[in-house]
Amino acid sequence: MRLFPLLTLLAATLAAPVAAAESAKRPAATSLPPTIAIIIDDMGHNLEEGERLARMDQPLTLAFLPYRRHTVPLAQMAWRQHKEIMLHAPMANTRNFGLGPGGLTPDMDEQSMVTTLRRALQSIPHVQGVNNHMGSLLTQQLQPMDWVMKELNRYPVYFVDSRTIASSIASDVATAYKIPNLKRDVFLDHQQTEEYVDKQFKLLIQRAKENGSAVAIGHPHKVTVDYLEKHLPLLDQQGVAIATISGLWAMRNSNHEMFAEGEKQAIRPAFAQKR
């Protein structure tokens with residue numbers, strides 16, 4: 001496994017926004033429709049809304065908090081319904097909100113952080129990717145992000161920067177480790193009203209039409225699930241496609257495989273519930 005020195009990572013952090021800006025200027029392939037991907041965060045708490053999301057026909061990506069009451073059975077159900085499964089990794093935030101089990105904090109040393117992250121990954125059935133839960137503090141800090149990405153680099157998982165703060169360097173460090181990664185473009189439900197979700201969903205489609213694709217994050221609130229149940233089936237008639245995160249990444253990367261066979265270490269499942 002190749003390890004990147006911190007100075008190299010810092011240089012990548014500074015250079016990545018320039019590369020991203022250049023990439024954003026490239027025209028989308030004309031043969032592909034505008035495509036959205038929707039991640040639903042905070043899965044594992046709400047059984048009823050979680051089951052509704054798992055049963056939707058569309059290829060949603062569901063991000064599960066580790067060790068929550070319904071995480072394992074919901075993730076297994078969602079996988080059987082052809083949903084993509086992520087670890088929603090709790091990370092320290094600037095407002096000092098509690099993280100719950102599996103949280104990553106700046107006071108951890110490397111071994112504690114790596115062990116906590118590894119166990120969280122092992123606790124999520126069929127996990128294919130990771131994004132940050134909160135994390136407005138930790139995702140700004142180079143040393144913890146270096147440790148996180150060094151560990152993720154061992155496994156066949158992608159990373160999505162939830163961008164809970166504009167100054168996040170998480171995706172830049174992931175890029176330095178050559179981890180397939182994307183960034184969130186739109187939050188769907190900061191306000192839990194149908195009017196707000198509708199406004200943000202339309203913004204998501206606008207971004208996809210402008211740039212070829214766009215990534216949204218929502219939550220298993222009833223208003224969000226109700227809205228998606230009603231509006232996702234209408235995407236076809238609008239000429240808009242929906243994909244999982246890995247599907248959208250492939251679309252952006254000429255259908256290249258994320259990982260060569262045997263390139264990464266398999267995640268060893270350990271689904272014991274948190275006591």
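All of these numbers come straight from a predicted model, not from anything done at the bench. Throughout, numbering of the chain's residues begins at 1 and tracks the sequence.
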Seminar exercise, completed: Members sharing Phe259's hydrophobic cluster, built from side-chain contacts under 4.5 Å between Ile, Leu, Val, Met, Phe, Trp and Tyr, are Ile39, Met86, Tyr158, Val160, Leu182, Phe187, Val215, Ile217, Ile245, Leu248, Trp249, Met258
Exercise. Would Glu151 and Trp147 count as a side-chain contact (heavy atoms from CB on, under 4.5 Å) if you check the C-alpha gap in whole Å, the side-chain angles of each, and the deciding distance to 0.1 Å?
Worked result: CA-CA 6 Å; Glu151 177 66 14; Trp147 293 340; over 6 Å; no
Exercise. With no hydrogens and no angle check, is any side-chain donor or acceptor of Thr175 less than 3.5 Å from a backbone partner on Ser171?
Worked result: yes
Exercise. Do Gln58 and Pro233 have side chains that get closer than 4.5 Å, going by heavy atoms?
Worked result: yes
Problem set entry | Stepwise side-chain contact (heavy atoms from CB on, under 4.5 Å) check, Gln141 with Leu138 | CA-CA 5 Å; Gln141 299 183 0; Leu138 203 73; 4.2 Å; yes
For this session: Would you confirm whether Gln128, through its side chain, and Ser246, through its main-chain N or O, come within 3.5 Å as a donor-acceptor pair?
Result: no
Exercise. Does the side chain of Val223 reach to within under 4.5 Å of the side chain of Thr193, using non-hydrogen atoms?
Worked result: no
Exercise. Under 3.5 Å, is there a donor-acceptor pair linking the side chains of Asn131 and Asp41?
Worked result: yes
Exercise. Do the side chains of Phe159 and Val114 join up, straight or via other hydrophobic residues, at under 4.5 Å, putting them in one cluster?
Worked result: no
Problem set entry | Any donor-acceptor N/O pair, Arg68 side chain to Pro101 backbone, under 3.5 Å | yes
Exercise. Does Thr139 reach the main-chain N or O of Gly135 with its side chain, forming a donor-acceptor pair under 3.5 Å?
Worked result: yes
Exercise. So, does Thr116 use its side chain to make a donor-acceptor pair with the main chain of Ser112 at under 3.5 Å?
Worked result: yes
Exercise. Using the ring of each side chain (for Trp, its six-membered ring), is His231 parallel, tilted or perpendicular to Phe201, with breaks at 30° and 60°?
Worked result: tilted
Problem set entry | Atom CG of Asp107: over 12 foreign heavy atoms under 6.0 Å | yes
Problem set entry | Test item: Leu99 and Leu104 side chains (from C-beta on) under 4.5 Å apart, heavy atoms | no
For this session: Group every Ile, Leu, Val, Met, Phe, Trp and Tyr by side-chain heavy-atom contacts under 4.5 Å, then state whether Phe97 and Met91 land in the same group.
Result: no
For this session: Indicate yes or no: at least one non-hydrogen side-chain atom of Val157 is less than 4.5 angstrom from one of Ile267.
Result: yes
Exercise. Do the non-hydrogen side-chain atoms of Leu188 and Ile38 ever get within less than 4.5 Å of each other?
Worked result: yes
Exercise. So do the side chains of Val240 and Lys209 get within less than 4.5 Å of each other, counting heavy atoms only?
Worked result: yes
Exercise. Transitively linked via ILVMFWY side-chain contacts under 4.5 Å: Tyr196 with Leu203?
Worked result: no
For this session: Please round to the nearest 0.5 Å and tell me the distance separating atom NE2 of His219 and atom CG of Leu53.
Result: 12.0 Å
For this session: Taking the side chain as every heavy atom from C-beta outward, state whether Tyr155 and Gln265 have any pair of such atoms under 4.5 Å apart.
Result: yes
Exercise. Do Val130 and Leu65 belong together in a cluster built from hydrophobic side chains that touch within less than 4.5 Å?
Worked result: no
Exercise. For the side chain of Arg163 and the backbone of Arg184, is there at least one donor-acceptor N/O pair under 3.5 Å apart?
Worked result: yes
Exercise. Does Lys230 pair with Asp226 as a salt bridge, N-O distance under 4.0 Å?
Worked result: no
Problem set entry | Side chain Arg154, main chain Leu152, donor-acceptor under 3.5 Å | no
Problem set entry | Sidechain-backbone polar pair: Asp189 side chain, Gln191 backbone, donor-acceptor under 3.5 Å | no
Exercise. Who are the salt bridge (charged side-chain N to carboxylate O under 4.0 Å, His left out) partners of Glu257, not counting sequence neighbours?
Worked result: none
Exercise. Do the non-hydrogen side-chain atoms of Ile205 and Pro34 ever get within less than 4.5 Å of each other?
Worked result: no
Exercise. Is the count of non-hydrogen atoms from other residues, nucleotides or ligands lying under 6.0 Å from Glu261 atom CD greater than 12?
Worked result: no
Problem set entry | Trace of the side-chain contact (heavy atoms from CB on, under 4.5 Å) decision for Glu229 with Met56 | CA-CA 7 Å; Glu229 276 189 339; Met56 287 188 190; 3.3 Å; yes
For this session: Measure from the side-chain N and O atoms of Thr94 to the backbone N and O of Ser136, and report whether any donor-acceptor pair falls under 3.5 Å.
Result: no
Exercise. Around atom CZ of Arg119, are there more than 12 heavy atoms of other residues, nucleotides or ligands at under 6.0 Å?
Worked result: no
For this session: Evaluate side-chain contact (heavy atoms from CB on, under 4.5 Å) for Asn181 paired with Asp161, printing each intermediate quantity in order.
Result: CA-CA 8 Å; Asn181 68 92; Asp161 188 348; over 6 Å; no
Exercise. Donor-acceptor pair, Lys83 side chain versus Leu60 backbone, under 3.5 Å?
Worked result: no
Exercise. So if you build clusters from Ile, Leu, Val, Met, Phe, Trp, Tyr with side-chain heavy-atom gaps below 4.5 Å, do Trp79 and Met43 land together?
Worked result: yes
For this session: Among Ser162, Pro66, Pro90, find the one that has a side-chain contact (heavy atoms from CB on, under 4.5 Å) with His133.
Result: Pro90
